[in-house]
Amino acid sequence: MSHFNFIAKEIRSQNQLKQLHAQLIQNSLHNQDFWVAQLIHLCTRLHAPPRYATRVFYLAPQPDVFVCSNMLKYHSQMGATNEVFALFDQMQEANVKPVAFVYPLLIKSSGKAGIQFHAHLLKRGLNYDKYIQNAVMGFYCKYGAIESARELFDEMPERTIADWNSIISGYWNGGNEVEAQKLFDLMPEKNVITWTAMVSGYAKVNDLESARRYFDKMPEKSTVSWNAMISGYAHNGLAEEAIKLFNEMMSFGLKPDETTWVAVVSSCSMLGDPGLAESLVKRIAEKGTCPNHFVKTALLDMYAKCGNLNMARKIFDGLGECRNLVTWNAMIAAYTRVGDLASAMELFHQMPKKNVISWNSIIAGCSQNGESAMAIELFKEMIASKDLKPDEVTMVSVISACGHLGALELGNWVANYLTENQIRLSISGCNSLIFMYSKCGSMRKARKIFEEMENRDVISYNTLITGFAAYGSGAEALELLSKMKQESMQPDRITYIGILTACSHSGLLEEGKAVFKSIKDPDIDHYACMVDLYSRVGKLDEAKRLIDNMPMHPHAGIYGSLLNASRVHKRIDLGEFTANKLFELEPENSGNYVLLSNIYASAGRWEDADRIRGLMKAGGVAKATGWSWVEHGGKIHRFVVGDHSHKLSDDIYRVLGEMKKKMMVAGYMADKSCVLRDVEEEEKEEMVGTHSEKLAVAFALLISEPGAVIRVVKNLRVCRDCHTAIKIISHLEKREIIVRDNNRFHCFRDGLCSCNDHW
DNA sequence: ATAGGGTTAG
């Protein structure tokens, strides 16, 4: 027996555990209470799967108090509350009198019902066992009832170091740095646990300098202390620091344990460096550490973030019964990161249990992969089930989805949900609200959120500036820039892109030039904005000169502005030049062919126009599919050219027909005669009017209150024909129509559009 | 037997 006892202490992996198990069977020791208790103890230490642990438990014909207690501890560690209490009931039925140490476990497992359990213990007079007292205190700390914990602490006739440590951790738990510090200074005697609690406490409130100060001052350090410091760095995104400290730990000849590896591996995930990942895996193998499921999950995440999805999936599959919520969530996030929503969705539906992070992962995944409507549907599903409360992360994704859709009704509903459910937003949460209102064209509300924020970061400014830029409010954008300077907030490259775009959309040439001059290191995007600005105000030769003199290679976006301006100003020479550059840079973009063809057409050079159209067809260049949508009744109604899929399709076409008739009668089509020349039937159909924009506007006319503002969103640029048509509709129907395309707003009122585009 | 460190989402 002593021989096996020695072996038991050396067991470090589940495989070794199974070997020991086999040996016990050979020696017919496997069903003795002592050994069953030992095996269960090892299951707890090694996080063995529940199926195995349960099998071991049933080996004992009549489990004694130790077998039961160890099993209870196992269940407690696995968070299997039901099993903990079922076993406790069993023990009472079998008259196995629980030893004191079972009670702390029961308190831990009883969750928020622990308070009743405490009463139960008081009744039985068990309250004065020092372990139970400590456990009750720990319970109060865990659920944030720090005052009750303190009451117990103060009433204690004598306090152990463990009691001091518990109460200090309790204060750290609630982020109460001051009180934790006070008690630490008051403590008559401290141990390594006390010091480590201080390190991890400061790390928790993101004060890594103080954490490090305590870490360096510690009279002795355990592996846990090192882990606390390394994880502290990892949690705060300081991956390099974490790895540096880990190397230092190794140079002291200390042995890293699983927790160390978890922190180091997760730091490596942040860096996304596949080479580092590979060397790390090698080091883990060299050290002979057998990765537990924490390490494996961290490795899974690391492989996924370093681009090796196959390896990640292999670990996921290999984890089998050890898969938990975190593993599933990590794998789902891995798929959404590469845009594989189908696989992510499949896993999401397969997972046996979900938590807030599961929902957040899938909602954010949809939101970031262009499936905003799906993100909102999932959110509705989440709150309908009522067993999980959305948090700020959920809301940020949902708010951002509303923004992408331009769905103001939904956005307002979500904002209401925030106040009703008292979800506080941090800076980035408020930023997402600014983004949402900006994208919905509600600049007044966007500004209000901005102004009511207690603290703002550069992203707050950039988001609002970008909003004003899209809305064509150059003056407001410039005002924000000077406000930034007043408040000594440093503008970054995004700020300047926003400001220059704003100048461009408002035709503020001199202001734009001055800002451009003030940028220290303008990059290619700033040049692109300037080319756009010159182009829009009609200074095409200056735009060309800027392109010729810029210190970097121009990209497609730069020529794009100039090509469009060449069409507006009928500059065939520049149009040909820029179009040819663009055919080289992005041969599959149909827009460039269409633009050049239109330049020729407007000059009456039909043969050239046809030649370019032919070139496009020969090159197999397909037009990008455009769609438009309207928000109504909390739903998104989407349309494509010639769409008949909508429920109200017949009515929509009726309204559209009426519009067309009115337009024809009023003679609006006259100036468009050039486009109604000899074209193919299919093309004519498109030009006359079943564009997605027109269908969306017709739908909005059909369902909205008379006189109400119509809001339409288009995924691509609003096309020229539609622009003209919507102008006319706004005049005929006396309606304000706001159309948002991929980068700006067109506000149509009484036959005019707010944008400076010359079609 | 009680107290300190762990993986996932914006």
Side-chain angles (χ1 to χ4, degrees), chain A residues 47 66 69-70 73 99-105 107-108 129-138 141 159-170 172 190-201 203-204 218 221-232 234-235 256-266 269 291-302 304-305 315 319 322 324-334 336-337 355-365 367-368 390-401 425-426 428-429 431-432:
Chain A
H47 300 272
F66 294 107
S69 304
N70 281 0
K73 187 173 185 181
V99 286
F101 90 80
V102 167
Y103 290 106
L105 294 176
I107 294 166
K108 269 193 188 165
D129 177 277
K130 65 173 178 174
Y131 296 110
I132 293 179
Q133 274 191 337
N134 189 277
V136 170
M137 216 169 70
C141 290
R159 299 171 195 91
T160 62
I161 299 189
D163 295 323
W164 284 91
N165 290 344
S166 295
I167 195 87
I168 287 178
S169 302
W172 278 122
K190 306 168 178 72
N191 64 9
V192 63
I193 296 178
T194 324
W195 285 93
T196 309
M198 295 306 277
V199 172
S200 64
K204 210 186 142 198
M218 287 176 84
K221 293 183 183 76
S222 67
T223 309
V224 178
S225 322
W226 285 90
N227 292 348
M229 197 64 231
I230 296 174
S231 320
H235 267 292
D257 68 4
E258 284 93 343
T259 307
T260 324
W261 286 119
V262 168
V264 176
V265 169
S266 78
S269 333
N292 63 13
H293 74 273
F294 279 105
V295 181
K296 282 184 186 160
T297 305
L299 283 169
L300 183 163
D301 187 54
M302 179 187 74
K305 284 181 181 154
I315 295 176
L319 273 163
C322 289
N324 61 17
L325 263 170
V326 181
T327 335
W328 284 89
N329 292 344
M331 198 65 227
I332 289 174
T336 60
R337 218 172 284 126
N355 65 2
V356 180
I357 297 184
S358 323
W359 285 94
N360 289 353
S361 305
I362 197 77
I363 291 174
S367 180
Q368 286 159 13
D391 62 7
E392 195 197 343
V393 179
T394 326
M395 300 317 286
V396 167
S397 299
V398 176
I399 293 167
S400 146
L425 291 187
S426 63
S428 68
N431 291 348
S432 73

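Residue numbers begin at 1 in each chain, while the letters A, B, ... track the order of the sequences.
A donor-acceptor pair shorter than 3.5 Å cannot be found between the side chains of A/N431 and A/S428. A donor and an acceptor atom, one from each side chain of A/S222 and A/S225, are located under 3.5 Å apart. Between the side chains of A/N191 and A/T194, a donor-acceptor pair is found at a separation under 3.5 Å.
When distances are taken from the side chain of A/I193 to each of B/dA9, B/dA3, B/dG6, the shortest belongs to B/dA3. Considering only the side chain of A/A162, B/dA3 comes nearest among B/dG10, B/dA3, B/dT7. Side-chain proximity of A/N324 to the nucleotides B/dG4, B/dG10, B/dT7 is greatest for B/dT7. Listed candidates were B/dG4, B/dG6, B/dA9. Nearest to the side chain of A/A333 is B/dA9. Between B/dT7, B/dA9, B/dG10, one nucleotide has an atom nearer to the side chain of A/N360 than all others, and that is B/dA9. Relative to the side chain of A/S169, the nucleotides B/dG10, B/dG6, B/dA3 differ in distance, and B/dA3 lies closest. When the nucleotides B/dT2, B/dT7, B/dA9 are ranked by their closest atom to the side chain of A/N134, B/dT2 comes out on top. The nucleotide whose nearest atom lies closest to any side-chain atom of A/K73 is, among B/dG10, B/dG5, B/dT2, B/dT2.
Below the 3.5 angstrom threshold, one finds a donor paired with an acceptor across the side chain of A/N191 and the base of B/dA3. Judged by distance alone with a 3.5 Å cut-off, no donor-acceptor contact links the side chain of A/Q368 to the base of B/dG10. A/S266 contributes no side-chain N or O that forms a donor-acceptor pair with the base of B/dG6 under 3.5 Å. Donor-acceptor pairing under 3.5 Å, judged by distance alone, is absent between the side chain of A/N227 and the base of B/dG4.
One can place CG of A/N329 at 9 Å from P of B/dA9, the figure rounded to the nearest angstrom. Residue A/D257 contributes atom CG, which lies 14 Å from atom C1' of B/dT7 at whole-angstrom precision. Going from atom CD of A/Q133 over to atom P of B/dA1 covers 20 Å, rounded to whole Å. In this structure, A/D163 atom CG and B/dT2 atom P are separated by 13 Å, rounded to whole Å. As rounded to whole Å, 12 Å separates atom P of B/dT7 from atom NE2 of A/H293. Atom pair A/D301:CG and B/dT8:P shows a separation of 5 Å (rounding to whole Å applied). One can place CG of A/D391 at 9 Å from C1' of B/dG10, the figure rounded to the nearest angstrom. If you measure from atom CD of A/E258 to atom C1' of B/dG4, you get 17 Å, rounded to the nearest angstrom.
Using a 4.0 Å heavy-atom cutoff across all strands shown, A/V192 reaches at least one base atom of the nucleic acid. Residue contacts shown for A/S222 include a base, since a base heavy atom lies under 4.0 Å away. Counting non-hydrogen atoms under 4.0 angstrom, A/S361 reaches the backbone sugars and phosphates but no base. Counting any heavy atom pair closer than 4.0 Å across all strands shown, A/K305 reaches sugar-phosphate atoms only and no base atom.
Judged by distance alone, the side chain of A/T160 and the main-chain N or O of A/D163 form a donor-acceptor pair under 3.5 Å.
Residue A/R337 places at least one side-chain N or O under 4.0 Å from the OP1 or OP2 atom of B/dA9. Considering only side-chain N and O atoms, A/H235 lies under 4.0 angstrom from the phosphate OP1 or OP2 of B/dG6. A close approach under 4.0 Å does not occur between any side-chain nitrogen or oxygen of A/K190 and OP1 or OP2 of B/dG4.
Summarising the geometry, atom CG belonging to A/L319 is positioned 5.5 Å from atom NZ belonging to A/K296; distances are rounded to the nearest 0.5 Å.
Applying the side-chain hydrogen bond (donor to acceptor under 3.5 Å, both in side chains) criterion to A/N360, with sequence neighbours excluded, gives A/D391, A/T394. Considering only residues two or more places apart in sequence or on other chains, A/E392 meets the side-chain hydrogen bond (donor to acceptor under 3.5 Å, both in side chains) condition with A/S426.
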